[in-house]
Amino acid sequence: MKDAKVRLYVDHPLGDGQTIPLERDQAHYLFGVMRLAIGAHILLFNSKDGEWRAEVTQAGKRGGELNCVSRTKPLQMPPDLWLLFAPIKKARTDFIVEKAAEMGAARIMPVQTDFTNSDRIRQDRLQAHAVEAAEQCGGTYVPEVTDLQKLDRVLADWPEDRELMFCDEAEAGAAKALMDVTGKSWAILIGPEGGFSPAERARLHAHRQAHVVSLGPRILRADTAAVAAMTLWQQKLGDW
Ligand code: SAH
């Protein structure tokens, strides 16, 4: 079997004999950047049909075509875990989205808290980071990155069947580890560099499904905290 070094997310059905037309950007990447030619093999996934080996059947500057050859992996859904985080500086926000996609978040939700600096995000850019992360980590599913929402609003509509791992910097050093509540949907909440406001903290402590968790004796930066929290959650309740 030929080597298939490139992995690509496509928004197109994949299956036996399926043909996938390529858009300009994809053609540029495959044939301009990666220098693939007709007959080359690549791996495709679309968040629905698993991973498929495909062959290049047409290669042009502005387009091209791929043909599915065989399925190489079944669809593997991540655990039902959302990551809620307050966006911080651009590069660090990008990092959080990339790491969350690699670590198996099913949904990535930027939230605006009282001390969040930015009131806008580039949802499309963040979604593209999630796609790239899934492409490189071998995942068959791309988590949705939602648009920025107010934390208050999200908490007001909180689903009854979802537990919330509330990472509260005020608990740094306290012995508050994640409890073993298996078989449930979960979300992790990470605050901004400025932390949570007293009002938010009061509301979250009173929240029925919130589990207040400490990430250790040191105050972590928000991007570190996101990775640490996902690791702890995965270790206790995740898919490994
Ligand atoms: N400026 C704040 C720190 C914010 S850290 C202060 O000095 O207190 C950013 C986010 O990371 C926090 O809102 C929290 O969600 C998480 N975090 C960082 N360290 C943590 C810890 N030791 N325990 C729990 N959460 C932590």
Side-chain angles (χ1 to χ4, degrees), residues 78-122 126 129-130 133 143 145-159 162-181 184-238:
D80 190 0
L81 173 67
W82 298 350
L83 176 69
L84 278 66
F85 74 100
I88 40 179
K89 286 202 192 93
K90 184 173 156 292
R92 290 179 184 275
T93 301
D94 292 352
F95 176 93
I96 291 177
V97 169
E98 181 181 291
K99 299 311 153 204
E102 286 175 36
M103 293 201 59
R107 198 170 192 215
I108 301 172
M109 301 171 66
V111 288
Q112 199 176 358
T113 64
D114 290 345
F115 298 156
T116 303
N117 297 326
S118 52
D119 53 6
R120 254 187 305 162
I121 53 156
R122 283 281 308 275
L126 294 180
H129 278 295
V145 182
T146 56
D147 216 337
L148 189 63
Q149 304 173 72
K150 290 214 154 66
L151 176 63
D152 275 358
R153 199 70 57 73
V154 175
L155 290 177
D157 295 337
W158 195 255
R162 189 170 294 274
E163 305 299 306
L164 178 62
M165 173 178 174
F166 166 40
C167 299
D168 183 358
E169 69 277 3
E171 303 287 341
K176 293 224 169 130
L178 180 62
M179 278 196 313
D180 208 343
V181 185
K184 294 254 187 169
S185 305
W186 273 89
I188 292 173
L189 172 61
I190 301 291
E193 295 300 357
F196 291 99
S197 71
E200 283 168 340
R201 184 163 289 119
R203 180 168 191 186
L204 283 158
H205 276 262
H207 195 287
R208 270 213 352 232
Q209 283 125 282
H211 304 256
V212 183
V213 167
S214 159
L215 299 176
R218 289 160 292 270
I219 303 283
L220 309 176
R221 296 191 79 132
D223 45 350
T224 318
V227 176
M230 290 201 64
T231 309
L232 291 174
W233 187 91
Q234 277 284 13
Q235 200 255 338
K236 193 136 212 157
L237 304 167

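If you read the sequence from its start, that first residue is 1, and numbering goes on from there. Note: hydrogens, waters and symmetry copies are ignored here, and every other heavy atom, side chains too, is used. Order of appearance sets the numbers: ligands from 1, and atoms from 1 within every ligand.
Distance from atom 19 (N) of ligand 1 to its nearest protein heavy atom, with residue and atom name: Leu220 N, 2.9 Å. The nearest protein atom to atom 9 (C) of ligand 1, hydrogens excluded, is given as Pro192 O, 3.2 Å; this is a heavy-atom distance. The nearest protein atom to atom 26 (C) of ligand 1, hydrogens excluded, is given as Leu215 CD1, 3.7 Å; this is a heavy-atom distance. Taking atom 17 (N) of ligand 1 as the reference point, the nearest protein heavy-atom neighbour is Ala225 CB, 3.8 Å. Nearest protein heavy-atom contact of atom 10 (C) of ligand 1 is Gly191 O, 3.4 Å. Shortest contact from atom 14 (C) of ligand 1 to any protein heavy atom: Cys167 O, 3.2 Å. Closest protein heavy atom to atom 1 (N) of ligand 1: Glu193 O, 2.6 Å.
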(request) Check the pair Val145, Val97 against side chain to side chain contact (heavy atoms under 4.5 Å, CB included), reporting the backbone distance first and the verdict last. (result) CA-CA 8 Å; Val145 182; Val97 169; 4.2 Å; yes
(request) Test side chain to side chain contact (heavy atoms under 4.5 Å, CB included) on Val213 and Ile188 and set out the steps. (result) CA-CA 10 Å; Val213 167; Ile188 292 173; over 6 Å; no
(message) Is there a salt bridge (Lys or Arg N to Asp or Glu O under 4.0 Å) between Glu200 and Arg203? Walk through the geometry before answering.
(response) CA-CA 5 Å; Glu200 283 168 340; Arg203 180 168 191 186; over 6 Å; no
(message) As a quick check of understanding, evaluate side chain to side chain contact (heavy atoms under 4.5 Å, CB included) for Leu237 and Val181, giving each step before the final call.
(response) CA-CA 8 Å; Leu237 304 167; Val181 185; 5.5 Å; no
(request) List the steps and the verdict of side chain to side chain contact (heavy atoms under 4.5 Å, CB included) for Arg221 and Arg92. (result) CA-CA 10 Å; Arg221 296 191 79 132; Arg92 290 179 184 275; 3.3 Å; yes
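Atom OG1 in Thr224 sits 12.0 Å away from atom NZ in Lys99 (nearest 0.5 Å). Atoms CD1 and CG, from Ile88 and Asp223 in turn, are 4.5 Å apart once rounded to the nearest 0.5 Å. For the atom pair Leu220 CG and Cys167 SG, the distance stands at 9.0 Å (nearest 0.5 Å).
Counting heavy atoms only, Arg218 comes closest to atom 22 (N) of ligand 1 of the residues Arg221, Glu169, Arg218.
Atom CG of Asp80 sits in a crowded spot, with more than 12 heavy atoms from other residues, nucleotides or ligands closer than 6.0 Å. Counting heavy atoms of neighbouring residues, nucleotides and ligands inside a 6.0 Å radius, atom CZ of Arg162 exceeds 12 of them.
For a threshold of 3.5 Å applied to N or O pairs, the pair formed by Val213 and ligand 1 contains no separation below that value. Checked by distance only, ligand 1 and Ala222 stay at 3.5 Å or farther apart across all their nitrogen or oxygen atoms. Among the atoms of Ile219, none of the N or O lies under 3.5 angstrom from an N or O of ligand 1. An N or O contact shorter than 3.5 Å is missing between Ile190 and ligand 1 by distance. Polar contact check, Phe196 against ligand 1: no nitrogen or oxygen pair lies under 3.5 Å apart.
Of all the heavy atoms of Pro217, none lies under 4.0 Å from any atom of ligand 1, so neither backbone nor side chain is involved. Contacts between Asp168 and ligand 1, counted as non-hydrogen atom pairs separated by less than 4.0 Å, involve the backbone only.
Listed by atom number, the atoms of ligand 1 under 4.0 Å from Ala172 heavy atoms are 22 (N). Of all atoms in ligand 1, numbered sequentially from 1 with element shown, those under 4.0 Å from a heavy atom of Ser214 are 23 (N), 24 (C). The ligand atoms of ligand 1 that sit less than 4.0 angstrom from a heavy atom of Gly194 are 1 (N).
Residues His207 and Phe166 are not in side-chain contact: their nearest non-hydrogen atoms beyond the backbone lie 4.5 Å or more apart.
Proximity of Ala229 to ligand 1 is not established, as no heavy-atom distance is less than 4.0 Å.
A centroid separation of 6.0 Å or more is found between the aromatic rings of His211 and Trp233.
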